[in-house]
Each structure stands twice: as C-alpha cells, then as structure tokens.
There are 2 protein chains.
Amino acid sequence: MQKPRASYRRESAEDRKRQLAEAALRCIQRNGHAGVSVRQIAAEAGVTQGLITHHFGEVNELVAYAFELMAADIQSGIAAAIAEADDTPAARMDACIEASFSPDIFDQSTLGVWIVFWSLVLHSPKMSAAQQRDNGIYVNRMESLISDLAEAEGFRVANPRLAAIQFAAMFDGLWLNWCLNPASFSPEDGIALCRNWVEGLRRGAYA
Amino acid sequence: MQKPRASYRRESAEDRKRQLAEAALRCIQRNGHAGVSVRQIAAEAGVTQGLITHHFGEVNELVAYAFELMAADIQSGIAAAIAEADDTPAARMDACIEASFSPDIFDQSTLGVWIVFWSLVLHSPKMSAAQQRDNGIYVNRMESLISDLAEAEGFRVANPRLAAIQFAAMFDGLWLNWCLNPASFSPEDGIALCRNWVEGLRRGAYA
DNA sequence: GCGGCTGCTATACGACTTTATAATAAAGGC
DNA sequence: GCCTTTATTATAAAGTCGTATAGCAGCCGC
C-alpha cells in the first residue's frame, strides 16, 4: 500500500540549496510569514520536506540562506550600477540612487519579502548575523560615496559615517513606505528626494 | 472528570479588548511572529482562548486592533510633545524630532513589535487599512510642520508633501535600523541627523 | 555493467495551531 | 433576592507545523 517512489534528479548540494532558497523566496512573496513553512517551500520546489532537513538541518537556516542570497543580489545590482557610472563621485552617487529605485529592487514583491526578513532578524541569531553583515557592506559603500563626493566638491561632512547611516536608513524607509503604500509616491519621486538629500549635503547641512 | 470551572471577573467589552490587545503586544514583543497566537495571547492575558474568538472573531482582528492602539499611543505622544513646545514652527519641528527619539518610542521592544506589524500589512487587509490611516495622519503632520517652517523662515520647499513623506520614511528607516542594530547609532545621533535634514530644507536643497 | 556513496523520498510522530460549540457563572435590572 | 443577559470557560475537532528516521535510487568511479 505504499506510494510508488517518485523519480527525481540528483543535484549538487549547492544547486539544490539555491533552488530551495528561491522556492522559499517565492513562498514568502506569496504568503508572507505564512510562507515560511517546510511543507510549503518543499512543495514549491517540487521536493519532499525531508530534503530541507537534509540540506539545512532546520528551517531558520534555509531562511537565513535565502536572505543572504537576496541581499547579495541587491548589493551586486547596486554595485554594478556604480561601477558602470562615470568615474566621478557625483556620477557614482547618482548611479547608486538610481539603481536603488530601479525596477529590479524597487519592486513590491521583492520588498515584501525583505520586510518579512526584517521582522525575523530580532528573533533569529542567524538572520541577525546575516543582516548585520549585509548592512555593514551597505553603509560602508554609502560612507565612501559621501566622503568621496565631499572631497571632490570641497564641502564638509562632520560625520560621514552617521550621514551614511541616515542615507541607508532613508532608502530603507522609502522602500518600506512605498511597498506598504505604492500610491504615495513614484520611483522618480524617490530618486528626486534622494538627490535633494545629497543637495543638502552639498549645502553644508551636515557640516 | 471535568476541570472545575475557573472563577473570573466580567469586564466591559472595551476593557477586555484592550487587555487582550496589550497581552498581544507583549507576546509579539517577546516572540515576534510566533507570539501572534490565540493560545499564547490568551495565556498572557490570563483568560481562555475562546474569549478572543468571542471578542474579535479571528486573530487578525485582534492584531489589527492592537496595532491601532499602539499607533494611537505613538501619535499622541508625538502630538503632545508638539503641543507643549513653544508656538513657533521651529520649536514645534524640533519637538517632533525629539519626541520621535524619546525612550517611549525609540525603544527596541516597542519597535520590534512595530516591525512585525509592518510585515503583516501586505497580507492583511485590516492591517493595511489601519496602516494607511496611521501613515496618513503621520505624513499630514509632517507636511504641516514643514510648510509652516518654510513660511515662517522664508525658504522654499517645492513639494512639501513629498518632503514630508521622505521625512516620515527617514524616521521609519532610522527606527528600523537602530532596532535591528542598536549599536550603530544613539538616539542623540538620530536627533542630530534629523536636525541636519531640516537644515538641508532651510538651505534650499528641496526648493 | 557493477558496487557504493549519499541525495532524496516516504512516512511517522508529537506538539501546536485555529475555529466552533455547548455549558456556566458573573453582574445588572427589577 | 430572583431572573435575564452575556461575558467567559471548557472542550472538541480538524488541520498544520517541525523534526526524525528508514530505506530507495540516481549517479560516479571503476
């Protein structure tokens, strides 16, 4: 009376982990927190539950892995845009701003997943560690952009680190608010607002 | 073999709903999303599970109610601080900033709950409606503060509504980031950063 | 073409979840 | 002091959750 065993493809651990993580992202995108479930994710990936245990031990590990994957994607998107820009601090700063509001990132289903991740950070050490890593990279980049711009254009920023934290927080806040209420402003508005913020830097508001 | 029925106090619907909501907040504070559970909340409130069904029908309703309660608290705290300030636009703006970083609001356990709420908004119509109401009030206030300040001090802000949205998003972003990583900056830093942002306004960065 | 490694399936178990329903007792009106 | 109202308890039913375990089967080396 047993179910006949299903046929399957054997995959490398790395590939499979990625597949599972991507399935997890789709589940969270669709169902929010409710999507964080071994069964749902396994079904989405077209495998059985045991496979998640096998590769990750526990679900939190999988979720943290998915987070890191997504964070790396976002980071590399922004980094690439900056690298492609003209090699002036102003152009690089602007490229960062534009990339942050590009459809790849500034997308409701992407950000919806991101918000769920945030809510997990406080209660999962793995997630917390991953978030701190990611945020550190993020803020460091912002700090460089700000410092370089200040030096190139000859204005002063008293504490570039703090300014960078604010800049990063502003992005997060705009992402969050737009995701929760997309009608309130457009991506172009977001870009304009961030440029204004930089203009404030130039005019010595942070000196 | 039945359990002897426990004695209890009868309370007005309003009081009981508030008690349940407060218990829910404590549970979420303690356990994040896992705290959103009829059983946990009922235990925390010292009542049986059925009572939640009785008063709210389903859990989401209770959570939304708790959200509104907490949102109203935060709003009234900030509103009170503004009302107590000197009646100049600059003083009122500053009071708003300081209140936003006061220990009542800028508190990890408070913000931790808040983040969980955010993550629920996208998947719960009730929560979404409540969030939009709350956010609307919030942004409106910011817009008034900005417009009044601009008029009083004679600088120009091209789009006060958008500026207000950014200001609000900046608060959210700073709350979020500090909550996830309290070591990165202090409340005083947050206040200084927001003042700098206002200084940017004054210097015409948003004209 | 034949073993062996291990990725993978299938299944079971126990704890926990929400929601529904009937019974009970507390409190207010009279 | 009784009677009604209804807030509240107790309990059940049905489902989902995560984790563990046993063994099959795809693939690699030979």
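Quantities reported herein were computed from a predicted structural model and do not represent experimental measurements. Numbered from 1 within each chain, the chains take letters A, B, ... in sequence-line order.
Using a 4.0 Å heavy-atom cutoff across all strands shown, B:Gln49 reaches at least one base atom of the nucleic acid.
Atom OH of A:Tyr8 is separated from atom C1' of C:dG7 by 6 Å (rounded to the nearest Å). Going from atom CZ of A:Arg39 over to atom P of C:dC16 covers 16 Å, rounded to whole Å. Atoms CD1 (A:Ile52) and P (D:dA20) sit 14 Å apart, rounded to a whole Å. Protein atom CG of B:Leu51 is 14 Å distant from nucleotide atom C1' of C:dA25, rounded to whole Å. If you take CG of A:Asp15 and C1' of C:dC8, they are 15 Å apart, rounded to a whole angstrom. Between A:Glu58 atom CD and D:dA20 atom P there is a gap of 9 Å when expressed in whole angstrom units. Between the NE2 atom of A:His55 and the P atom of C:dT6 there is a distance of 13 Å, rounded to whole Å. Atom pair A:Arg10:CZ and D:dC24:C1' shows a separation of 11 Å (rounding to whole Å applied).
Put simply, A:His54 has no side-chain N or O that comes within less than 4.0 Å of OP1 or OP2 on C:dC8. For the pair B:Arg9 and C:dA26, the criterion of a side-chain N or O lying under 4.0 Å from OP1 or OP2 is not met. Phosphate contact (OP1/OP2 of D:dG18, side-chain N/O of A:Ser37, threshold under 4.0 Å): present. Listed pair B:Arg16 / D:dA7 fails the phosphate criterion, with no side-chain N or O lying under 4.0 Å from OP1 or OP2.
Using a 4.0 Å cut-off between charged side-chain N and carboxylate O, A:Arg202 and A:Glu199 make a salt bridge. The pair B:Asp94-B:Arg195 counts as a salt bridge, with a side-chain nitrogen and a carboxylate oxygen less than 4.0 angstrom apart. Look at A:Glu61 and A:Lys17 and you find no salt bridge, because none of the NZ, NE, NH1 or NH2 atoms lies under 4.0 Å from a carboxylate O.
When each of A:Val59 and B:Thr48 is assigned the nucleotide of DNA chain D with its nearest heavy atom, B:Thr48 is the one assigned upstream, toward the 5' end.
Smallest separation of non-hydrogen atoms from A:Leu180 and B:Gln132: O-NE2, 4.0 Å.
For the 3.5 Å distance criterion, the side chains of B:Ser109 and B:Asp107 qualify, holding a donor opposite an acceptor.
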